[in-house]
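Letters A, B, ... mirror the listed sequences (proteins, then strands); counts begin at 1.
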Amino acid sequence: MLLTEPYFMKNNEWYWHDEEKGCYKLTDKATEKAKQSYKEFYEALENSDNPLEVFVMTDEEIEAGIQEYKKLVAEGKLPPQDD
Amino acid sequence: MGGRGAEIGFQNYAGINNIEMTDTFDEDYPSTRDLKPITTLPNKNFVVMASTDKIPEEILMPNLKKIEKMLNNNPEFYNYLNKEKVYIRTETISDSRISACFSVDEVKKQIIFNSNLARKNRESVENVAREQIKANWWTKSDRDELINHVTVHEFGHYVQRILIDKQAKKDGKEFADRSYELKQRENMRAEIKKICYNQLGHKPKTSRYGDTKAGEFFAETFCELYTSKNPSPTAKALEIYLKENL
């Protein structure tokens, strides 16, 4: 599936790229609107790709990505995202 | 899949993320338009369905010609199909940001355009592609290929599925199920990145959309390879990978 750019990627401060997992995650600066956009984007991406199961991105998963970001920044393993 | 219409849908996304996609495969039939390549693509097991008849010719024809050109230049893209068909169709997809998708099940493969293409013109499709490429959201395409970007991206998903099917056969599987497919996609991404780094001496890089997941990495890189006269080292690495594995 090919989607146009989602809202959560309009601001570099809202997301980071997890090189290891090969996907995007959110930072602690992501707004509620950015979180909603992220959830909708990955649900659309996953669901269009797999007609057999319904994929739902939970708030816990989003929060886990944010916590991972904070940890990596605190450990100096990831530079803080800036716009 | 089949004949469920708009209310239930290809997959009922209603209430999940507000995306609904119809499934009218059983109501669709091969286009009867006497136009090349609609008449010639079936020779390579690609069937253009009547649901595409509403797409303006200035959009549909370059896309179909591009598919035919890729098939003509790469017989390995269709030789393995045997009696299986690839259907090129449209469905109603409620989210207008979704231009197209590739669908596969145990009996057929489909390149599905959003039926809202019927209300667009060539310029508007090219403008969307230009904007997405400028933002590095999509990989680059030459100016005369902007109209084909979406189709070639979806065709990339199809080619990746060929590779997965071939590997599944080697592994003694009748059908590449979901978990197998995901694993293979991850393996391919790792392998292509390795070729780029080790053989071509470049850090692999794709578009931001290509960075969303392994399947999109392949499709975006494939798209660049076939729509740009000056593809990146990552796209060249994919070319090497295809030569070695198809």
In terms of heavy-atom proximity below 4.5 Å to chain A, should B:R189 be classed as side chain, backbone, both, or neither?
-> side chain
To the nearest 0.5 Å, how far apart are NZ in A:K21 and CD in B:E186?
-> 10.5 Å
Which answer fits A:M9, side chain, backbone, both or neither, if we ask what part of it has an atom under 4.5 Å from a heavy atom of chain B?
-> both
Below 4.5 Å from any heavy atom of chain A, which atoms of B:E131 appear? Answer side chain, backbone, both or neither.
-> neither
In terms of heavy-atom contacts, does CD of A:E75 have more than 12 from other residues, nucleotides or ligands at under 6.0 Å?
-> yes
Evaluate whether atom NZ of B:K85 has more than 12 neighbouring non-hydrogen atoms of other residues, nucleotides or ligands under 6.0 angstrom away.
-> yes
How many angstroms lie between atom NZ of B:K213 and atom OH of A:Y42, to the nearest 0.5 angstrom?
-> 8.5 Å
A:E61 atom CD: more than 12 heavy-atom contacts under 6.0 Å | yes
Test item: B:Q132 side-chain N/O and A:E5 main-chain N/O as donor-acceptor pair under 3.5 Å = yes
Could you tell me which non-hydrogen atom of A:H17 sits nearest to which non-hydrogen atom of B:D211, and how far apart they are?
-> NE2-O, 3.1 Å
State whether the number of non-hydrogen atoms from other residues, nucleotides or ligands found under 6.0 Å of B:Y197 atom OH is greater than 12.
-> no
